[in-house]
A.B. asks: 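Just passing along the structure, written as structure tokens.
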Amino acid sequence: MKLERYQIYGIIGAILLFISLLWPKIYNKHDYIRMINAGRIENIYKLKGFVKKWTEIGKKIPPFVIKVGNKVFVPQGAPLWRIIITSPLYPKSTYPNGLDVDIMINGPHNACKVTDCLHEINTLNHYIGMSPLSSAAPVFSRVGSYLALLMFFMVLVFIFVKKKVLGWFVLLPIITPLLFLLIFTYWTHWLGFNLDPWASYKVHSFTPVLYGIGKITVYTTHNRPGYGFTLMVLASIFLFLAYLSKKKYVESTEKVNEVSVSGADSTHVTATSG
């Protein structure tokens, strides 16, 4: 099957979008249940009742399918932004890269291999009266992956339906990088300006650095885009090119059809008059 140019652009954009927002992570079922019971936002579903029912059903699963049934696939994509906190209080031997957290489509995730840096950062936030990172964008972190899945299917429809442009099907994926930056900026500002006045350590309200290096007391923050954000921007560019290319393709196809119809009509008139 021959692919049109807009379809090639669209397929590349769809693949990049899938990796940046939907690439799945495999959890062990028991670890998954433990994190849900601990109220961790790293998991997308947040369905405790479902998990309890699933556990009851799991007890009846035959042993030969346990290896498959014991895994949970969670669509969470690639790191969109990375937050690193360094301090003399955290030695390189224990924290070689500092306290490392990745922001993904479904919320913040621990990026440290040895310890739980997300929990440590939330503990630090508690001392200065800042809410946990997991409290930011509570709605978006729960529906983000579902929205990304919807966008992915809309892109596929746009790619493989040739007769219509369907530009609004790719509008949201195209502007997703901008939407993410707006949401992320708003919630970082919200975290810094909604400090608990009764916190153990008093600091003035502040706006956490979105990109670059910031400093508060003995802690230094290093914030930068993750490779998932780069992929998301590239997906946006390819989908925009796909939109322009498809619009041109549909217009040229319609002109060819009009010429064919007019040519057929003139031939019919000539034959009739003859």
Side-chain angles (χ1 to χ4, degrees), residues 19-21 23 25 27 31 34-35 38-44 74 76-138 140-141 144 177-178 180-234:
I19 295 173
S20 63
L21 299 180
W23 191 262
K25 181 175 180 179
Y27 286 91
D31 289 339
R34 175 180 56 80
M35 286 188 287
R40 301 296 296 276
I41 203 171
E42 285 94 333
N43 304 287
I44 182 65
V74 179
Q76 62 186 35
L80 302 178
W81 217 262
R82 173 153 288 187
I83 300 173
I84 301 174
I85 297 179
T86 58
S87 170
L89 302 177
Y90 297 104
K92 290 285 186 180
S93 57
T94 307
Y95 302 92
N97 298 319
L99 302 180
D100 201 350
V101 169
D102 287 331
I103 305 299
M104 297 186 179
I105 189 67
N106 62 333
H109 292 253
N110 173 46
C112 294
K113 296 181 179 180
V114 179
T115 57
D116 190 343
C117 290
L118 177 58
H119 176 73
E120 186 67 27
I121 288 179
N122 286 334
T123 301
L124 292 175
N125 289 348
H126 172 73
Y127 284 121
I128 65 172
M130 182 183 288
S131 300
L133 294 179
S134 303
S135 65
F140 188 78
S141 63
L178 178 60
F180 170 77
L181 287 178
L182 291 175
I183 294 172
F184 189 49
T185 301
Y186 169 79
W187 280 103
T188 52
H189 182 274
W190 182 89
L191 288 171
F193 278 82
N194 287 273
L195 302 178
D196 185 352
W198 300 100
S200 303
Y201 195 91
K202 305 296 182 184
V203 297
H204 294 291
S205 297
F206 66 100
T207 300
V209 176
L210 180 67
Y211 174 79
I213 299 175
K215 192 172 182 63
I216 176 170
T217 65
V218 296
Y219 300 96
T220 303
T221 61
H222 309 260
N223 294 350
R224 62 175 183 266
Y227 71 89
F229 184 78
T230 303
L231 294 177
M232 186 165 60
V233 171
L234 290 175

A.B. asks: Of all the heavy-atom pairs spanning G228 and A78, show the shortest one and how long it is.
C.D. replies: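 Minimum heavy-atom separation between G228 and A78: CA-CB, 3.7 Å.
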A.B. asks: Check N110 against T115 and note the closest heavy-atom contact, atom names and distance.
C.D. replies: ND2-O, 3.2 Å
A.B. asks: Mind checking ring-ring contact (aromatic ring centres under 6.0 Å, His included) for Y90 and listing every partner two or more places apart, or none if nothing turns up?
C.D. replies: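 For Y90 the ring-ring contact (aromatic ring centres under 6.0 Å, His included) partners, ignoring immediate neighbours, are Y95.
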A.B. asks: For Y227, what residues pass the ring-ring contact (aromatic ring centres under 6.0 Å, His included) criterion, not counting sequence neighbours?
C.D. replies: none
A.B. asks: To the nearest 0.5 Å, tell me how far N125 CG sits from D196 CG.
C.D. replies: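 CG of D196 is found 12.0 Å from CG of N125.
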A.B. asks: So, using side chain to side chain donor-acceptor pair (under 3.5 Å) as the criterion, who are the partners of K215 when residues are at least two apart?
C.D. replies: T220
A.B. asks: What is the distance from atom OG of S135 to atom CE of M130, rounded to the nearest 0.5 Å?
C.D. replies: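 Reported value, rounded in 0.5 Å steps: 9.5 Å.
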A.B. asks: Measure from the side-chain N and O atoms of T185 to the backbone N and O of L182, and report whether any donor-acceptor pair falls under 3.5 Å.
C.D. replies: no
A.B. asks: Should we count OH of Y211 as having more than 12 external heavy atoms under 6.0 Å?
C.D. replies: no
A.B. asks: With disulfide (SG to SG under 2.5 Å) as the rule and sequence neighbours excluded, what pairs involving residues 97-131 come up?
C.D. replies: C112-C117
A.B. asks: By ring-ring contact (aromatic ring centres under 6.0 Å, His included), which residues pair with W81, not counting sequence neighbours?
C.D. replies: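 With sequence neighbours excluded, W81 shows a ring-ring contact (aromatic ring centres under 6.0 Å, His included) to F184, F229, given in chain and number order.
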A.B. asks: How many angstroms lie between atom CD1 of I183 and atom CD1 of I103, to the nearest 0.5 angstrom?
C.D. replies: 13.0 Å
A.B. asks: Considering all heavy atoms of both residues, which atom of A136 and which atom of S141 are nearest to each other, and what is their separation?
C.D. replies: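 Here A136 and S141 meet closest at O-OG, 4.5 Å.
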A.B. asks: When you compare the side chain of S20 with that of V233, does any pair of heavy atoms fall below 4.5 Å?
C.D. replies: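 When only atoms from C-beta onward are counted, S20 and V233 do not touch, as no gap falls below 4.5 Å.
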A.B. asks: I need the H109 NE2 to M104 CE distance, nearest 0.5 Å.
C.D. replies: 5.0 Å
A.B. asks: Start with the C-alpha gap between T188 and N223, add the side-chain angles, then the distance that decides, and say whether side-chain contact (heavy atoms from CB on, under 4.5 Å) holds.
C.D. replies: CA-CA 11 Å; T188 52; N223 294 350; over 6 Å; no
A.B. asks: Tell me every residue that passes side chain to side chain donor-acceptor pair (under 3.5 Å) with S131, counting only those two or more places apart in sequence or in another chain.
C.D. replies: none
A.B. asks: What pairs with H126 under side chain to side chain contact (heavy atoms under 4.5 Å, CB included), at least two apart in sequence or on another chain?
C.D. replies: none
A.B. asks: Would you call L89 and Y219 a side-chain contact if the rule is heavy atoms closer than 4.5 Å?
C.D. replies: yes
A.B. asks: Tell me, please, which residues at least two apart from I84 pass side chain to side chain contact (heavy atoms under 4.5 Å, CB included).
C.D. replies: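 I84: side chain to side chain contact (heavy atoms under 4.5 Å, CB included) contacts with R82, T86, D100, H222, R224.
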A.B. asks: Taking N106 for the side chain and G144 for the main chain, is one N or O donor matched with an acceptor at less than 3.5 Å?
C.D. replies: no
A.B. asks: Not counting sequence neighbours, which residues clear ring-ring contact (aromatic ring centres under 6.0 Å, His included) with W190? List them please.
C.D. replies: W187
A.B. asks: Please report the interatomic distance CD1(I83) to OG1(T221), rounded to the nearest 0.5 Å.
C.D. replies: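 Taking CD1 in I83 and OG1 in T221, the distance rounds to 8.5 Å.
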A.B. asks: Determine whether a donor-acceptor pair (N or O, by modelled atom type, separation under 3.5 Å) exists between the side chain of N122 and the backbone of P132.
C.D. replies: no
A.B. asks: Looking at side-chain heavy atoms only, is the closest gap between M232 and L80 below 4.5 Å?
C.D. replies: yes
A.B. asks: May I have the step-by-step check of side-chain contact (heavy atoms from CB on, under 4.5 Å) for L191 and L133, ending in yes or no?
C.D. replies: CA-CA 8 Å; L191 288 171; L133 294 179; 4.0 Å; yes
A.B. asks: Measure the OG1-CG distance between T123 and L118 for me, rounded to the nearest 0.5 Å.
C.D. replies: 9.5 Å
